[in-house]
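Throughout, protein chains are lettered first and strands after them, A, B, ... in sequence-line order, and every chain is numbered starting at 1.
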Amino acid sequence: MTTDVDKHNLEKRRAHIKKRYKAERRFRSFGIAAVSFGLLCVVILFTDIIGKGMGAFRQTYVQMEMTFDANTLGITDANDQAQVKGANFGGLVKKNLRDAYPQYKTRKDKKALYGIVSSEIGLILRDDLLANPEKLGTTETIWLLADDDIDMHYKYALGTDKQVGRISELQKNIVDELHAAGKVEKRFNRLFFTNAASREPELAGIKGALMGSFLTLIVTLILSFPIGIATAIYLEEFAPKNKITDFIEVNINNLAAVPSIIFGLLGLAIFINFFGVPRSVPLVGGLVLALMTLPTIIISSRAAIKAVPPSIREAAYGMGASKMQTVTHHVLPLAMPGMLTGTIIGMAQALGETAPLLMIGMVAFIVDVPSSITDSATVLPVQIFLWADSPERAFIERTSAAIMVLLAFLIVMNSFAVWLRKKLERRW
Amino acid sequence: MTTYTFFAVFLLLAFASYHFGRLRSVQLSKEVGGVRKLAALPNYYGMLSVLWAVIPSLIFLALWTMFDETFFNRAAMSALPESVAQLSPDKLTLLMNKISIAAKEGVGVSTLQEELLPAFNEYQSLYQQYGAIKPFLVLLLLVVGALFSLRFISVKYNARTSVERITNILLLVSSCIAVITTVGIVFSVLFESFRFFQKIPLTEFIFGTHWNPQIAIRADQVAADGSFGAIPLFTGTLLISAIALIIAVPVGLMSAIYLSEYASKSVRNWIKPILEILAGVPTVVYGFFAALTVAPFIKDAGSLLGLEVASASALAAGLVMGIMIIPFVSSLSDDVINAVPQSLRDGSYGLGATQSETIRKVIIPAALPGIVGGVLLAASRAIGETMIVVMAAGLAANLTANPLEAVTTVTVQIKTLLVGDQEFDSAKTLAAFALGLVLFLVTLCLNFIALHVVKKYREQYD
């Protein structure tokens with residue numbers, strides 16, 4: 001009788017334990033699922049961006065016979081710069097295209113024909129002739145930048161029925177012909193790195209945005225690094241423990257979590273409207289981003305100073321050093337790796353920041369590469385935002401490519417920070 | 001004098017003042033028996049000279065740069081004829097802007113009207129005169145400061161304490177910048193919001209359910225009267241943030257638990273940095289991802305199921321925002337889970353609990369305040385996030401709780417109202433600052449509570 005009860009209990013217990021183990025396994029698989037979801041997101045995000053953007057690093061070129069005909073250009077002397085600058089290069093390109101494809105006679109067909117090469121190709125030819133005046137009147141075989149729609153078609157839909165971008169049947173036929181003759185090819189897209197923004201996707205590049213980002217970050221660094229470190233030193237080493245110090249600390253912690261767009265409002269209301277700093281220049285962008293990155297730098301610098309053991313300070317005091325000497329000669333050099341790490345991470349944040357810069361007018365369409373902190377400029381993330389809004393398919397590709405460049409910079413900066421920490425930071 | 005030469009000369013003179021300050025102390029010490037007799041090391045005398053030279057001249061430069069425009073404007077305005085001077089303040093400001101740009105950069109001089117020319121000439125001559133003497137005055141002040149410091153250097157004078165005192169003040173001033181920033185934020189949003197609420201009553205803004213900020217910019221323009229009821233924006237923000245938190249909190253929390261309690265050290269060392277990548281990706285990249293990949297995907301998936309999905313659905317923006325804050329939740333949870341003392345785990349195991357039971361019944365309750373704090377911080381992040389919603393959420397205010405429809409958020413509206421043509425007096429522009437005020441207050445409260453909760457909790461186990 002009793003054995004039956006025991007057996008029954010035992011079975012009940014076994015079943016219970018089984019249930020508990022099952023719950024254990026379930027819980028564990030939830031954990032694995034969560035981690036996998038996170039990893040999957042990383043993978044999807046990166047493959048999506050890279051898949052969309054890889055194409056932009058190569059650009060389609062078409063080969064053509066180009067006669068620098070003085071009559072069509074309407075010039076007499078290629079050594080006369082003013083003449084060449086005012087010459088009709090657009091007409092020259094059209095004439096050469098017509099000569100190459102005499103079979104297309106109607107207006108519509110001709111228009112489609114002209115659409116094969118970039119609409120700004122005349123400017124490139126002009127620069128070519130300015131550099132080599134002896135080419136006037138000669139004929140040579142050159143590779144011309146293809147229009148973005150041709151580029152998209154050649155990259156993604158050649159030989160298929162897919163319709164990519166605004167390309168006509170006639171243009172498709174021309175591309176097929178050119179392809180069969182080996183007169184169209186993809187080359188490394190140098191212009192993407194040497195041009196500033198443009199309305200024509202095939203000419204649009206990131207140099208202007210990169211320079212803008214660089215200048216903005218310089219301003220940010222010059223302002224936030226010394227101020228951040230000074231604040232950290234003051235709060236860790238000199239500040240008396242009182243209400244004022246507490247207030248400053250609370251302020252810094254709160255600033256770290258204020259939405260970035262609010263900093264944009266600050267920049268607009270205070271820097272631009274009150275102090276009259278010009279809009280959309282790296283100076284004002286750098287000022288806003290400096291205020292934004294300050295908390296990051298301060299918090300990590302304080303952690304670095306805290307990590308310096310008190311024995312170092314006591315030894316310095318023992319040798320008769322003053323408080324300031326102790327800090328500048330001993331604590332600061334020892335905490336510097338940590339401070340630099342924090343600063344680099346702060347700079348990486350600033351590099352990726354977009355929202356506050358929209359508020360202070362760094363969204364303008366700027367064709368020139370900025371050369372000083374008071375030139376109108378845009379930055380890389382804002383350029384990405386602007387391009388993402390453009391309807392042309394070619395811009396999607398370029399946006400993804402610009403994102404890849406941005407991410408590459410961020411990865412380099414963050415890895416450098418990690419490397420620096422590993423290399424220089426001392427464990428006490 | 002160009003900016004670059006100015007700064008080169010400035011640096012050169014600053015360096016020279018260091019040299020002479022040092023030299024002076026060494027020379028003085030010769031009469032009394034060498035450097036040993038000085039009250040401080042010679043370097044400190046050099047540094048003192050630099051501080052005396054640089055600080056007053058920099059302050060002078062900053063003040064001058066801040067106020068010269070106001071001065072030029074005043075002078076130029078007095079040269080304006082009666083008819084122009086009596087225009088409304090807005091139009092006058094616009095005119096003055098035109099004049100100042102023309103005077104500084106030579107742009108659009110030919111477009112200026114006849115009656116503005118005297119003011120333009122006045123502005124230009126002042127700008128050129130003062131612009132020419134400004135660098136020389138700054139450099140002069142630098143030299144004067146350096147000479148002054150050389151005069152009072154003596155053998156008995158302890159330069160080190162002076163230098164340290166000045167440095168200490170400089171450190172204090174830098175640490176006040178954080179406070180000044182906060183004050184600046186509060187004032188900038190508060191001041192403009194105040195002007196907004198003079199035009200639009202506060203109750204309409206907070207309780208109104210209709211948001212349509214299109215109002216006539218010119219007086220003769222035909223346009224509907226703007227309505228500024230912000231309820232649809234608040235609900236839109238809450239909807240998207242809620243979707244984001246529904247994704248991020250379970251995933252972030254579970255990954256933190258798995259990585260800190262189950263995973264081996266090598267797995268953790270690999271997976272953690274990979275997940276952290278999500279935190280380092282700029283928000284504009286997420287916006288692009290949401291608008292061009294996730295939103296079309298959701299739309300297609302919806303139409304497969306026979307659902308009507310807006311192309312800028314709240315779900316897409318919320319989902320991607322959730323992905324963005326996963327590492328945020330997981331690293332904050334990780335911190336608090338690791339802060340739970342090992343003895344609690346050991347006690348639970350000793351009673352025969354399985355690992356998951358220990359986690360659910362012991363660790364999570366012990367870490368709960370910290371986790372709640374982390375979730376609140378994540379919520380404040382989600383509410384303040386701009387780029388994802390600007391690129392992937394809608395523009396039209398839509399009072400709905402359906403995640404498949406397009407909604408707009410506070411941040412989207414701030415961006416939309418402020419980018420492009422602005423006139424600083426219209427309710428449309430000022431509304432952005434009122435929304436900014438709301439956003440600032442809400443995130444401030446969330447952060448404050450979160451930091452308080454986290455801090456309070458940390459004290460328990462430390």
> Hey, are the side chains of A/Phe30 and B/Ile257 touching, using non-hydrogen atoms and a 4.5 Å cut-off?
Replying inline: no
Scored by heavy-atom pairs under 4.5 Å with chain B, the best of A/Val418, A/Leu358, A/Asp48 is A/Asp48
Among side-chain atoms of A/Arg28 and B/Ser356, is any donor-acceptor pair under 3.5 angstrom?
-> no
Report task. Answer whether the closest heavy-atom distance between the side chains of B/Leu172 and A/Phe238 falls below 4.5 Å. Result -> no
When the 4.5 angstrom heavy-atom criterion is applied to A/Leu406 and chain B, the contacting part is side chain
When the 4.5 angstrom heavy-atom criterion is applied to A/Gln325 and chain B, the contacting part is both
Which of A/Val42, A/Leu410, A/Leu45 passes side-chain contact (heavy atoms from CB on, under 4.5 Å) with B/Val281? Answer is A/Leu45
Turns out that what part of B/Phe440 lies under 4.5 Å from chain A's heavy atoms comes down to both
Measuring only between side-chain heavy atoms, which start at C-beta, is A/Met359 closer than 4.5 Å to B/Ile414? yes
Applying a strict 4.5 Å limit to non-hydrogen atoms, the region of B/Val320 in contact with chain A is neither
What one should report as the nearest heavy-atom pair of A/Ala355 and B/Thr386 is CB-CB, 3.6 Å
Between B/Met254 and A/Ala34, the two heavy atoms sitting closest are CB-CB, 3.4 Å
If you tally heavy-atom pairs under 4.5 Å between each of A/Asn254, A/Leu294, A/Asn414 and chain B, the highest tally belongs to A/Asn254
Between the SG atom in A/Cys41 and the CG atom in B/Leu275, the distance rounded to the nearest 0.5 Å is 9.0 Å
Pair count under 4.5 Å, heavy atoms only, with chain B: among A/Lys52, A/Glu353, A/Lys323, highest is A/Lys52
When the 4.5 angstrom heavy-atom criterion is applied to A/Leu265 and chain B, the contacting part is both
What I'd like to find out is whether the side chain of A/Phe27 reaches to under 4.5 Å of the side chain of B/Gln355, using heavy atoms alone.
no
Whatever's closer than 4.5 Å to a heavy atom in chain A on B/Arg381 counts as neither
Turns out that what part of B/Ile326 lies under 4.5 Å from chain A's heavy atoms comes down to side chain
Does B/Pro282 reach the side chain of A/Leu407, with side-chain heavy atoms less than 4.5 Å apart?
-> yes
Below 4.5 Å, heavy atoms only, C-beta onward: do A/Leu291 and B/Ile185 meet side chain to side chain? no
Under 4.5 Å to a heavy atom of chain A? For B/Thr411 that would be both
Okay, B/Ile359 and chain A: the region with an atom under 4.5 Å from a heavy atom over there is side chain
Residues B/Asn168 and A/Met324: closest non-hydrogen pair is N-CE, 3.8 Å
If one checks every heavy atom of B/Ile177 against chain A at 4.5 Å, the contacting part turns out to be side chain
Is there a donor-acceptor contact under 3.5 Å from the side chain of B/Glu192 to the main chain of A/Ala269?
-> no
* With a cut-off of 6.0 Å (strictly less than), are more than 12 heavy atoms of other residues, nucleotides or ligands near CZ of B/Phe297? -> no
Per-residue tally against chain A (heavy atom, under 4.5 Å) across B/Leu439, B/Leu253, B/Val284, B/Val189 peaks at B/Val284
In this structure, OG of B/Ser175 is separated from CG of A/Leu235 (nearest 0.5 Å) by 5.5 Å
Applying a strict 4.5 Å limit to non-hydrogen atoms, the region of B/Tyr286 in contact with chain A is side chain
Answer yes or no: are there more than 12 heavy-atom neighbours, outside B/Tyr262 itself, under 6.0 Å from its atom OH? yes
Scored by heavy-atom pairs under 4.5 Å with chain B, the best of A/Val258, A/Asp389, A/Ile252 is A/Val258
Heavy atoms of B/Gly384 and A/Ile261 approach each other most closely as O-CG2, 4.5 Å
Chain A shares the most heavy-atom pairs under 4.5 Å, among B/Glu385, B/Glu261, B/Glu357, with B/Glu357
Whatever's closer than 4.5 Å to a heavy atom in chain B on A/Thr328 counts as neither
Of the listed A/Ala23, A/Pro259, A/Ala348, A/Ala232, the one with the largest count of heavy-atom pairs under 4.5 Å with chain B is A/Pro259
Most contact-rich option vs chain B, by heavy-atom pairs under 4.5 angstrom, among A/Ala257, A/Ala388, A/Ala33, is A/Ala257
Cut-off 4.5 Å, heavy atoms of chain B, and the answer for A/Phe274 is neither
Minimal heavy-atom distance between A/Ile262 and B/Gly436, with the atoms involved, is CD1-O, 3.3 Å
Q) Mind checking whether A/Ile44 and B/Phe289 have side chains closer than 4.5 Å, heavy atoms only? A) yes
Heavy atoms of A/Ile396 and B/Phe288 approach each other most closely as O-CZ, 4.0 Å
When the 4.5 angstrom heavy-atom criterion is applied to B/Ile274 and chain A, the contacting part is both
The single option from B/Asn447, B/Val179, B/Thr182 that satisfies side-chain contact (heavy atoms from CB on, under 4.5 Å) with A/Leu255 is B/Thr182
Whatever's closer than 4.5 Å to a heavy atom in chain B on A/Leu351 counts as neither
query = Would a distance-only check, ignoring hydrogens and angles, find a side-chain to backbone donor-acceptor pair under 3.5 Å from A/Thr231 to B/Ser174?
reply = yes
Turns out that what part of A/Phe385 lies under 4.5 Å from chain B's heavy atoms comes down to both
dist A/Phe46:CZ -> B/Leu278:CG (nearest 0.5 Å) comes out at 8.0 Å
Whatever's closer than 4.5 Å to a heavy atom in chain A on B/Leu319 counts as neither
d(B/Thr181 OG1, A/Ile270 CD1) to nearest 0.5 Å is 10.0 Å
